Amino acid sequence: MSRTPRIFCPDLPDTGGAATLGESASRHLLKVLRLKPRAELRVFDGRGREHAARLTGGSVKAAAIEVLEACEPAPESPLSIRLLQGVGRGERMDLVIQKATELGVAAIVPVLSARSVVRLSGERAARRREHWQSVAIGACEQCGRATLPAILEPCGLDEALAGLPADGPRLLPHPAAEAGLAGLPAPGPALTLLIGPEGGLDDGEVRAAGDAGFRPVRLGPRVLRTETAAIAAVALVQSLWGDLAG
């Protein structure tokens, strides 16, 4: 059975309105899916609103839609997860963004640390952030989520630690930690995870994280790659305290 396509539409009008989709979404609908006028789809604005819609025409650069009735979007997790992620190379970082979005992370902070292989600043950092946002959009379109995670500007670890909200526990998955996640008390509505880059955080950064309130936790008996650690940590906290529980 075919699925109704879901498309990101940041300027989503109310029921009865019309909208023109961007080039990437238009090309996907008309060139890849080969939809014809009157085809049905879903559109969401990334801020929790979702509507049924109908394709009315346009081109592969600017498809036109009619916005129909509002739909009940998939619920967000009761656990608001902020992921501080050491920036990895190419597809590794893309994988983290994609899977963290699918697993319901609320915000992702790309962190540049001492052992980061990737170095970003200025225009290059802006381009990477824009690319990561497109990865998150694609993940939302696929998984049924109507709320995009916030993807912040890449920054150094000190800046990331200084900019953290005060609410919720802070956890640092680390292979040398003595305790795992299962014995921890329920965190309440918010939680922050810090994942190092490919080479891990250095000793000074681990101490800085500890000074900022991060508690080391074990994810298991094996040393995980940065992308694996991020996905495993998010899945575990969602299964313990979020919307994967039970």
Side-chain angles (χ1 to χ4, degrees), residues 1-83 94-108 129-152 188-191 230-231 234-235 237-246:
M1 185 172 66
S2 62
R3 290 182 55 189
T4 301
R6 297 182 73 253
I7 295 295
F8 176 56
C9 180
D11 300 316
L12 179 60
D14 293 330
T15 299
T20 301
L21 301 177
E23 182 173 353
S24 177
S26 300
R27 184 172 297 277
H28 179 70
L29 291 177
L30 300 180
K31 192 85 171 178
V32 178
L33 299 182
R34 299 182 181 277
L35 297 187
K36 304 298 182 185
R38 300 197 63 78
E40 295 181 352
L41 59 147
R42 293 282 188 97
V43 286
F44 64 97
D45 66 359
R47 298 181 295 277
R49 293 175 62 228
E50 183 162 347
H51 279 251
R54 182 182 295 120
L55 184 65
T56 57
S59 68
V60 293
K61 291 188 176 182
I65 62 169
E66 177 188 4
V67 177
L68 306 176
E69 69 275 5
C71 305
E72 187 68 29
E76 286 293 294
S77 174
L79 180 64
S80 179
I81 303 170
R82 190 178 186 93
L83 174 64
D94 287 2
L95 182 65
V96 171
I97 299 291
Q98 181 188 71
K99 301 309 175 189
T101 300
E102 292 177 17
L103 289 167
V105 163
I108 302 169
R129 184 188 182 200
E130 183 177 347
H131 169 74
W132 294 328
Q133 287 174 327
S134 72
V135 172
I137 287 169
C140 281
E141 289 176 339
Q142 182 276 326
C143 75
R145 190 175 178 187
T147 301
L148 285 171
I151 299 180
L152 280 67
L191 177 149
I231 296 166
V234 173
V237 298
Q238 286 283 45
S239 66
L240 287 169
W241 305 301
D243 60 0
L244 298 184

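For clarity, every value in this text was computed on a predicted model and none was experimentally measured.
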Contacts of D45 that satisfy side chain to side chain contact (heavy atoms under 4.5 Å, CB included) - sequence neighbours left out: L12, R47, R49
Student check: side-chain heavy atoms of T101 and V135 closer than 4.5 Å: no
Quick check: are there more than 12 heavy atoms from other residues, nucleotides or ligands sitting under 6.0 Å from CD of E40? no
For residues D243 and P75, determine if any side-chain heavy atom of one lies less than 4.5 Å from a side-chain heavy atom of the other. no
Does A19 have any side chain to side chain contact (heavy atoms under 4.5 Å, CB included) partners at least two apart in sequence or in another chain, and if so, which? C9, P13, I65
Of all the heavy-atom pairs spanning L41 and V43, show the shortest one and how long it is. CD1-CG1, 3.8 Å
Can you list the residues that meet the side chain to side chain donor-acceptor pair (under 3.5 Å) rule with R54, with sequence neighbours excluded? E66
With sequence neighbours excluded, what pairs up with E102 under the salt bridge (charged side-chain N to carboxylate O under 4.0 Å, His left out) test? K99
Qualifying ring pair (Phe, Tyr, Trp, His ring centres under 6.0 Å) pairs with a residue from residues 62-82, counting only residues at least two apart or across chains: none
Go through the structure and list residues passing side chain to side chain contact (heavy atoms under 4.5 Å, CB included) with Q133, not counting sequence neighbours. R129, I151
What one should report as the nearest heavy-atom pair of A74 and G144 is CB-O, 3.4 Å
Below 3.5 Å, can you tabulate the donor-acceptor pairs from side chains in residues 56-63 to any protein atom, sequence neighbours excluded?
from, atom 1, to, atom 2, distance (Å)
T56, OG1, A64, O, 3.1
S59, OG, K61, N, 3.3
S59, OG, A62, N, 3.3

Could you give the distance from CZ (R6) to CD1 (I137), rounded to the nearest 0.5 Å? 12.0 Å
According to side chain to side chain contact (heavy atoms under 4.5 Å, CB included), who are the partners of A150, at least two apart in sequence or on a separate chain? A107, L152
d(H131 NE2, D94 CG) to nearest 0.5 Å is 3.5 Å
Do the side chains of L79 and L240 get nearer than 4.5 Å, heavy atoms only? no
Any idea which heavy atoms bring C140 and L148 closest together, and the distance? SG-CD2, 3.5 Å
Mind checking what makes salt bridge (charged side-chain N to carboxylate O under 4.0 Å, His left out) contact with E76, not counting sequence neighbours? R145
Side chain proximity check, R42 to R3, heavy atoms < 4.5 angstrom: no
Is the shortest heavy-atom distance from the side chain of E141 to the side chain of I7 under 4.5 Å? yes
Please list all pairs meeting ring pair (Phe, Tyr, Trp, His ring centres under 6.0 Å) that have one or both residues in residues 6-35, counting only residues at least two apart or in different chains. F8-F44
I108 CD1 to I97 CD1 distance, which is reported to the nearest 0.5 Å: 4.0 Å
Checking the side chain of R82 only, and the main-chain atoms of A190 only, is there a donor and an acceptor separated by less than 3.5 Å? no
Residue pairs involving residues 54-74 (criterion ring pair (Phe, Tyr, Trp, His ring centres under 6.0 Å); sequence neighbours excluded): none
Inter-residue atom distance L103.CG - L244.CG, 0.5 Å rounding: 6.5 Å
S77: partners by side chain to side chain donor-acceptor pair (under 3.5 Å), with sequence neighbours left out: Q238
